[in-house]
Amino acid sequence: MPADAILDRLRAAADGTTTTDGRHTDGLPSQAAAGRTDNPDGPEPVRPAGEQDAIAGVPARYVAMPRDTAQAAALLRAAAALDLAVTFRGGGTKQDWGSPPRRLDLIVGTTALAGVVEHAAGDLITVVRAGTRLDALAAALAAAGQQLALDAPLPGGTVGGAVATNASGPRRMLYGTARDLLIGVTLVRADGVVAHAGGKVVKNVAGYDLGKLVTGAYGTLGLVTECAFRLHPLPAAAAYVTRRVDDAAEAGRLAGTVRAAQLVPAALEVDAPAGGGAAVTVLLEGTPAGVAARAEAAARLLGADATAADQAPEGWGRYPWRDGDTGLKLTAALSGVPRLLADARAAADRHGVPLALRGSAGVGVLHAGVPGTAEPERVAGLVDALRAATAAVAGHAVVLTAPPTVRDRVDLWGPVDGLALMRRVKQRFDPDARLAPGRFVGGI
């Protein structure tokens, strides 16, 4: 079918979701009826792709920006009828994560799908559209003294992007990840059918746990349009207790000492830059008196050189790489964190590659960054060594992002248990393999 004809079909699908009485054809309220404050006459819902419309280097042909779930469903139904390969995009902060799609026709963006649908402050629950920026949501909830306790390691990230990649930051130690905080989800399937799971109560156990299934699936199972989360009160006080040491493994051992105590930290981080040295930082939250007492206890555990501050240290919660670098996620059993830190540093020295390490020693999740200028063959060798190091401590290593020259030399995901089951789930949700084809583990 000619490109113009496909574009016309997609535009007709988007335009056909609203009738003259302001109701969508599937019975959902239109944008205006739902009380949306953004401009319904803003960017056109469907347009030809531009030079910047690419996913992991693969250019798209069309871009759609649905304004609500009904319009998204209509677009995905049209895409199914036209056999278009579709990938989803939120704030665009992680579009170079994962493998490049095998084919890409249509990018469905979610930035017009933004805003808080409901905030039940008394129940500590919010329902929010997937394209809502995490920083904007934080500001809205803070007015009620509440928070969605998801850190945003990359500025500009959206709720849907955090769910799609199950991204989290330092405070996952106390509050959990997106998968833990998500209690309900609205999903548009590959065929355009809208599915709902969970609800607006924390102990909802009815039905299949679709939310946990789609969290971390990189958009390969459907388009998340709305999420219901449980919230937490904002802490009255916080303290960051830090000690700097010469050796990354020593920082890991100090973190283990803190973890074994009864301090209940919100986060326990290790930062080991490529230039050498390391720091361990404990984040404590709670009442002013309680935080002060626990900060003193943490300083005693860390040693005489420990310092306390009410502001986070530089780099807190950020990934230890820049655009164009190679970034990895390393995991380990908690007892194996010091060994992993030591083995990772030794592997980098053997391969002659600078390696920065930063992450949560409190939950056994670290991130590693390698400069994009490093020789690709050396980086590939280091990735193999890091996979051996994580396997030795009951963990694994995943390459989240990398330059094309490194991608061509490594398996980004590495060995993954349960791949056959994951393929069956993909077949059920997307039998034609049109959603983000090839982006996820095993080429799913």
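Note that this is a predicted model, so its numbers are computed, not measured.
In summary, of the residues considered (D53, T110, T111), a side chain to side chain donor-acceptor pair (under 3.5 Å) with R89 occurs for D53 alone. For the pairing with W97, the ring-ring contact (aromatic ring centres under 6.0 Å, His included) check across Y319, F440, W413 returns one residue only, Y319.
With hydrogens and angles disregarded, a donor-acceptor distance shorter than 3.5 Å links the side chain of T331 to the backbone of H396.
Summarising the geometry, atom CG belonging to L221 is positioned 7.5 Å from atom CG belonging to L187; distances are rounded to the nearest 0.5 Å.
The pair R253-E250 meets the salt-bridge criterion, since a charged nitrogen lies less than 4.0 angstrom from a carboxylate oxygen. Ionic pairing of D96 and K94 is not present here: no N-O contact between side-chain nitrogen and carboxylate oxygen is shorter than 4.0 angstrom.
The minimum heavy-atom distance between A73 and G192, with the atom names listed, is CB-O, 3.3 Å. Looking at every heavy atom in both residues, A149 comes nearest to H232 through CB-ND1, 4.4 Å. Minimum interatomic distance between L150 and A162 (heavy atoms only, all atoms of both residues): CD1-CB, 4.5 Å.
At a cut-off of 3.5 Å, with distance as the only test, no side-chain donor of H196 or E226 sits close to an acceptor on the other residue. No hydrogens or angles considered: nothing links the side chains of R294 and Q262 as a donor-acceptor pair under 3.5 Å. With no hydrogens or angles considered, no side-chain donor-acceptor pair links E269 and Y240 at under 3.5 Å. A donor and an acceptor atom, one from each side chain of T225 and T69, are located under 3.5 Å apart.
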- Query: Going through the distances and angles, do T220 and K426 end up as a side chain to side chain contact (heavy atoms under 4.5 Å, CB included)?
  - Reply: CA-CA 7 Å; T220 57; K426 171 68 171 177; 3.8 Å; yes
